Amino acid sequence: MRPLIAPSLLSADFGRLAEEIADLEALGVDWLHCDIMDGVFVPNLSFGLPVVEAIRRASRLPLDVHLMIVQPERYVEAFAAAGADVLTFHWEATVHPDRLVQRIQALGKKAGIALNPATPVEVLRDILPQLDLVCVMSVNPGFGGQRFIPYVAGKVLRLAELRAQLGATARIEGDGGVDPETASRVPQADVLVAGSSLVRASDRRAALEALRRSREIHT
Ligand code: DX5
Ligand code: ZN
């Protein structure tokens with residue numbers, strides 16, 4: 001199946017964010033991926049609520065908000081109000097993931113859980129049927145431009161098998177070091193997040209086409 005393509009705005013030129021969004025939207029990308037970093041859960045800071053509000057004003061595309069923050073339960077209402085459509089928090093960042101999924105869905109938003117590379121997908125066995133999305137990180141979160149970690153391909157396959165076994169419908173999202181070659185290693189991913197390989201590409205149209213065609217690449 002054709003993957004949804006979600007450019008990571010972390011790789012965009014923030015001085016011309018509205019133009020960058022218009023350009024990506026004109027190319028026909030599916031979602032906009034917003035990376036929120038707090039300098040605590042990950043060793044980097046990115047952007048917060050006012051920027052998500054500005055992105056919301058600049059686009060009608062679904063906003064896929066990836067919270068790389070501790071205690072995400074403190075902020076889901078604010079990010080929902082800022083315009084998020086999908087709200088994804090990290091499994092490793094809260095002790096009450098079930099409660100948080102319920103709260104996000106009660107806000108009328110799609111709920112996702114992200115897993116760091118070293119977190120096995122099997123932790124989601126019981127909650128998977130409740131989820132709208134699972135973000136499988138193929139780099140250690142915190143920075144764009146890192147290399148895809150090879151063993152994550154096996155996790156994506158195991159997650160797809162678990163989903164089929166449970167009859168669950170959560171989308172599987174691949175995030176980190178995704179380019180046409182690495183995307184071909186995670187053929188079960190329904191959503192591909194791409195920063196460097198798409199947003200930083202000299203020819204974004206060609207990069208988008210290559211990502212969409214990645215399913216046809218066999219390595
Ligand atoms: C990493 C972020 C990713 C990142 C992807 O912490 O969650 O979304 O921006 O960027 P690339 O595609 O450059 O790895
Ligand atoms: Zn991300």
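Keep in mind that this is a model prediction, so the values were computed, not measured. Whatever order the structure lists them in is the order used to number ligands and atoms, beginning at 1.
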At what distance, to the nearest 0.5 angstrom, does [atom1] of [X] lie from [atom2] of [Y]?
X      : Y      : atom1 : atom2 : result
Thr182 : Ile149 : OG1   : CD1   : 12.0 Å
Thr169 : Leu128 : OG1   : CG    : 8.5 Å
Asp30  : Leu4   : CG    : CG    : 4.5 Å
Arg99  : Gln102 : CZ    : CD    : 9.0 Å
Asp132 : Asp85  : CG    : CG    : 11.5 Å
Ile127 : Trp91  : CD1   : CH2   : 6.5 Å

Worksheet item: Which bit of Pro141 is near ligand 1, meaning a heavy atom under 4.0 Å away: side chain, backbone, both or neither?
Response: both
Discussion item. Can you tell me which portion of Arg200 lies within the under-4.0 Å heavy-atom range of ligand 1? Options are side chain, backbone, both, or neither.
Written reply: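 Neither; nothing of Arg200 gets under 4.0 Å from ligand 1.
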Worksheet item: Given Gly144, Ser138, Cys135, which one has a non-hydrogen atom that is nearest to atom 10 (O) of ligand 1?
Response: Gly144
Worksheet item: In this structure, which one of Leu63, Leu32, Leu9 forms a side-chain contact (heavy atoms from CB on, under 4.5 Å) with Val52?
Response: Leu63
Under 4.0 Å from a heavy atom of [X]: which atoms of ligand 1 are those, numbered in the order shown and with their elements?
X      : value
Met37  : 6 (O)
Gly176 : 14 (O)
Met68  : 6 (O), 7 (O)
Ser8   : 8 (O), 9 (O)
His33  : 8 (O)
Val193 : 8 (O)
His66  : 7 (O)
Leu10  : 9 (O)

Determine which of the N, O or S atoms in [X] is closest to the Zn ion (ligand 2) and give its atom name.
X      : value
Asp175 : OD2
Asp35  : OD1
His66  : ND1

What's the shortest distance from [atom] to any protein heavy atom, and which residue and atom give it?
atom                    : value
atom 13 (O) of ligand 1 : Ser196 OG, 2.5 Å
atom 3 (C) of ligand 1  : Asp175 OD1, 3.0 Å
atom 12 (O) of ligand 1 : Gly195 N, 2.8 Å
atom 1 (C) of ligand 1  : Phe143 O, 3.6 Å
atom 6 (O) of ligand 1  : Gly142 N, 2.7 Å

Does the N or O separation between [X] and ligand 1 drop below 3.5 Å for any pair?
X      : result
Asn140 : no
Val178 : no
Asp35  : yes
Gly145 : yes

Fill in: Between Thr94 and Glu73, a side-chain donor and acceptor under 3.5 Å
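Yes - a donor-acceptor pair under 3.5 Å links their side chains.
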Discussion item. Distance alone, cut at 3.5 Å: any donor-acceptor contact between the side chains of Ser8 and Asp35?
Written reply: yes
Worksheet item: Quick one: do Arg103 and Glu77 make a salt bridge, cutoff under 4.0 Å?
Response: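 Salt bridge between Arg103 and Glu77, a charged N being under 4.0 Å from a carboxylate O: yes.
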Worksheet entry | Phe89 and Tyr75: CA distance, side-chain angles, deciding distance, ring pair (Phe, Tyr, Trp, His ring centres under 6.0 Å) verdict | CA-CA 10 Å; Phe89 63 88; Tyr75 291 101; over 10 Å; no
Worksheet item: Are any of the side-chain heavy atoms of Asn116 and Pro141 separated by less than 4.5 Å?
Response: yes
Worksheet item: With the 4.5 Å side-chain cut-off for hydrophobic clustering, are Val186 and Tyr151 part of the same group?
Response: yes
Worksheet item: Within the distance-only criterion (no hydrogens, no angle test), does the side chain of Arg163 pair as donor or acceptor with the backbone N or O of Ala170 below 3.5 angstrom?
Response: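 Side chain of Arg163 to backbone of Ala170, a donor-acceptor pair under 3.5 Å: yes, one is there.
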Worksheet item: Is it true that Gly177 lies under 4.0 Å from ligand 1, counting heavy atoms only?
Response: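 Per 4.0 Å heavy-atom rule, Gly177 contacts ligand 1.
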Practice prompt. Carefully, step by step, assess Arg158 and Glu122 under the rule salt bridge (charged side-chain N to carboxylate O under 4.0 Å, His left out).
Written response: CA-CA 8 Å; Arg158 297 204 318 274; Glu122 286 74 17; 2.7 Å; yes
Worksheet item: Checking only N/O/S atoms, does His33 have one that is under 2.8 Å from the Zn ion (ligand 2)?
Response: yes
